[in-house]
Enquirer: 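One structure, pasted below without further comment.
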Amino acid sequence: MAEHATAPSSSAREHAGGVVVPFRQKLLSHHRHYLATWLIASEKMGILDASIESSPDQQTADPSLVVIWVRENADPAYLISLRGPYWVLTDCLRDNELGRYRTFSEALHTIRPVLPLHASA
């Protein structure tokens, strides 16, 4: 005897079509390369250093924070963190979110626009 498949109801199809599953980005080698290039280019504009770190509350071993220092202050000036599909830029000195970006290069460009923007970075 053959098994019969039943078609899902229209409400099930509507519900299934509306499901959004956010993905989590992570720092990849091309992000590290772009950060290094950006850091060299932005030295003349007051950027001192940057580091890639893991968040204290992070459950995976993948680093998810980019901390950026400027010459004028010993404390970190900017933080770029990963939240789902977005790169979130925070002004650390004022504890203020400056924006959410789809690409890493857009977040760095907001701090210092020293390199051309690339959609893949």
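Just so you know, these numbers use all the heavy atoms, side chains as well, and skip hydrogens, waters and symmetry mates. We count residues from 1, following the sequence as given.
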Enquirer: Check whether any side-chain N or O of Ser42 sits under 3.5 Å from a backbone N or O of Met45 as a donor-acceptor pair, and report yes or no.
Expert: no
Enquirer: For Glu43, what residues pass the salt bridge (Lys or Arg N to Asp or Glu O under 4.0 Å) criterion, not counting sequence neighbours?
Expert: none
Enquirer: For Ile47 and Arg71, work out which heavy atoms get closest and say how close.
Expert: O-NH2, 4.3 Å
Enquirer: In sequence, state the C-alpha distance, the side-chain angles, and the governing distance for Arg83 and Glu97, and then conclude on salt bridge (Lys or Arg N to Asp or Glu O under 4.0 Å).
Expert: CA-CA 13 Å; Arg83 292 195 197 140; Glu97 184 178 306; 3.6 Å; yes
Enquirer: Less than 6.0 Å separating the ring centroids of Tyr101 and Trp87?
Expert: no
Enquirer: To the nearest 0.5 angstrom, please state how far the CZ atom of Arg100 sits from the OG1 atom of Thr90.
Expert: 8.5 Å
Enquirer: To the closest 0.5 Å, what do you measure between CG (Leu65) and CD (Glu53)?
Expert: 7.0 Å
Enquirer: Please find the pair of heavy atoms, one from Leu93 and one from Pro76, that lie closest to each other, and give the distance.
Expert: CD2-O, 3.6 Å
Enquirer: Do Asp49 and Leu39 touch side chain to side chain, with heavy atoms closer than 4.5 Å?
Expert: yes
Enquirer: Please determine, by modelled atom types, if Ser105 and Tyr34 share a side-chain donor-acceptor pair under 3.5 angstrom.
Expert: no
Enquirer: Measure the shortest side-chain to side-chain distance between Arg112 and Val70 over non-hydrogen atoms and say whether it is less than 4.5 angstrom.
Expert: yes
Enquirer: Step by step, would you call Leu27 with Ile52 a side chain to side chain contact (heavy atoms under 4.5 Å, CB included)?
Expert: CA-CA 9 Å; Leu27 284 161; Ile52 297 172; 3.4 Å; yes
Enquirer: Count the heavy atoms of every other residue, nucleotide or ligand shown that sit under 6.0 Å from CG of Asp75, and state whether that count exceeds 12.
Expert: yes
Enquirer: Centroid-to-centroid, His31 to Trp38, below 6.0 Å?
Expert: no
Enquirer: Which heavy atom of Leu89 sits nearest to which heavy atom of Ala107, and what is that distance?
Expert: CD2-O, 3.7 Å
Enquirer: Going by heavy atoms in the side chains, are Arg32 and Phe104 under 4.5 Å from each other?
Expert: no
Enquirer: Would you mind reporting whether Ile80 and Val67 have side-chain heavy atoms less than 4.5 Å apart?
Expert: no
Enquirer: Mind listing the closest non-hydrogen atom pair of Leu35 and Ala50 along with its distance?
Expert: CD1-CB, 4.1 Å
